[in-house]
Amino acid sequence: MRLEDKVAIVVGAGQTPGETIGNGRATAMLFAREGAQVLVVDRNLASARETEAMIKDEGGVASSCAGDVSVDADCLAFATACIERFGKIDILHHNVGIGVGDRGPIETAESVWDKMLDVNLKGAFLTTKHVLPVMREAGSGSIIFISSIAAICSMNAIAYKASKAGMNALSQAIAIDNARFGIRSNVIMPGLMDTPIAIEGISKALNKTRDEVRKGRNKQVPLGSKMGDAWDVAKAALFLASDDASFITGVNLPVDGGQSARIG
Ligand SMILES: NC(=O)c1ccc[n+]([C@@H]2O[C@H](COP(=O)([O-])OP(=O)(O)OC[C@H]3O[C@@H](n4cnc5c(N)ncnc54)[C@H](O)[C@@H]3O)[C@@H](O)[C@H]2O)c1
């Protein structure tokens, strides 16, 4: 019960349909298993409600809220809903991220760049905008952003990479600016994970079977030649959210089986 008596907002806690579980849903479930009351936020309310039901089936406490992180009024609404339903906000876990359609500058459409920066980077700024005043007043809080090792590794997807690198910088700025209020801000950079958004998405985009996609991704991971999964991300998030990480802020933590440490 490492999050006993805590209230967490998990944004992007719904799920792209697929065979496995996604990072956001697994994190919402693990937070609830560890005692947190969880506000499950997603643009897709039906998907958020599925996560809520899964938490309740296990005996946890959860409530759902629709919200698009790129819309300021939605971010204000879910921060307000959390206070109304649970009375406080101890943890903000920002999982939302999209990543389709960009390559190098020549091939990438302006509209793709705008959409990805809007959702991935502006969305991260807007979710914190309305949660930080609540945390400041309480004199504590833990914010976790789901970035990607794409932020620091070579990747020919300029909008995704730039948005995630921006997120790392945003988190460090928030960490420094809010340290005096007892608020911590940290980033998780997942590597190659066996989640629906990756496997189903790539399999469709490249017209390959899921098995072919999995084999190709597994080969790239130094630790055991195997991708991680959503529970690996969730467990790292649990640590950063909990009081065990009370002296840790401004960190960008790879959860990648060593991929970002490999040179060449
Ligand atoms: N799977 C990987 O290999 C991998 C690797 C690195 C980083 N990541 C990061 O992990 C995160 C996604 O993981 P997941 O497995 O939970 O994905 P997912 O697609 O299963 O869940 C993401 C949820 O975010 C929601 N969402 C999308 N846009 C939104 C918006 N504008 N406002 C509110 N909600 C929105 C979707 O409806 C979905 O339910 C992303 O930030 C992604 O960049 C994944």
Would you compute the distance between atom CG of Asn252 and atom NZ of Lys164 and round it to the nearest 0.5 angstrom?
12.0 Å

Check whether any side-chain heavy atom of His93 sits under 4.5 Å from a side-chain heavy atom of Ile9, and report yes or no.
no

Keeping Asn178 on the side-chain end and Ile183 on the backbone end, is there a donor-acceptor pair under 3.5 Å?
no

Ignoring hydrogens and geometry, is there a side-chain-to-backbone donor-acceptor pair from Asn186 to Gly250 under 3.5 Å?
yes

Indicate whether any N or O donor in one side chain lies under 3.5 Å from an N or O acceptor in the other, for Ser64 and Glu52.
yes

Determine whether the side chains of Arg25 and Thr51 contain a donor N or O and an acceptor N or O closer than 3.5 Å.
yes

So, Thr20 versus Thr195: side-chain donor-acceptor pair below 3.5 Å or not?
no

Hey, does the side chain of Asn95 reach the backbone of Ala13 with a donor-acceptor pair shorter than 3.5 angstrom?
no

When you measure from the side chain of Thr209 to the backbone of Glu212, do you find a donor-acceptor pair of N or O atoms at a distance under 3.5 Å?
yes

May I have the step-by-step check of side chain to side chain contact (heavy atoms under 4.5 Å, CB included) for Asp114 and Glu110, ending in yes or no?
CA-CA 6 Å; Asp114 285 347; Glu110 185 184 357; 3.9 Å; yes

Regarding Asp177 and Arg180, does a basic nitrogen lie under 4.0 Å from an acidic carboxylate oxygen?
yes

Do Thr249 side-chain atoms and Ser185 backbone N/O form a donor-acceptor pair below 3.5 Å?
yes

Testing Lys6, Arg184, Arg2 one by one against Asp243 for a salt bridge (Lys or Arg N to Asp or Glu O under 4.0 Å), which residue passes?
Lys6

Evaluation steps, side chain to side chain donor-acceptor pair (under 3.5 Å), between Ser163 and Asn120:
CA-CA 6 Å; Ser163 67; Asn120 291 4; 3.1 Å; yes

Return yes if a side-chain donor-acceptor contact under 3.5 Å exists between Arg85 and Ser63, otherwise no.
yes

Under the criterion side chain to side chain contact (heavy atoms under 4.5 Å, CB included), I'd like the reasoning laid out for Val251 against Ile248: C-alpha separation, chi angles, the key distance, then a yes or no.
CA-CA 7 Å; Val251 158; Ile248 298 177; 3.6 Å; yes

Might you work through the side chain to side chain contact (heavy atoms under 4.5 Å, CB included) test for Met193 and Met227, ending with a clear yes or no?
CA-CA 5 Å; Met193 316 308 286; Met227 283 183 280; 5.8 Å; no

Do Ser242 and Leu240 come close enough that some side-chain heavy atom pair is under 4.5 Å?
no

Asn168 side chain to Ser147 main-chain N or O, any donor-acceptor pair under 3.5 Å?
no

Sub-3.5 Å donor-acceptor pair from the side chain of Asp90 to the main-chain atoms of Gly141, do we have one?
no

Is a side-chain donor-acceptor pair under 3.5 Å present for Asn218 with Ser225?
no

Are Glu19 and Arg210 close enough, and set up right, to give a side chain to side chain contact (heavy atoms under 4.5 Å, CB included), and what steps lead you there?
CA-CA 10 Å; Glu19 289 174 331; Arg210 293 186 192 105; 3.3 Å; yes

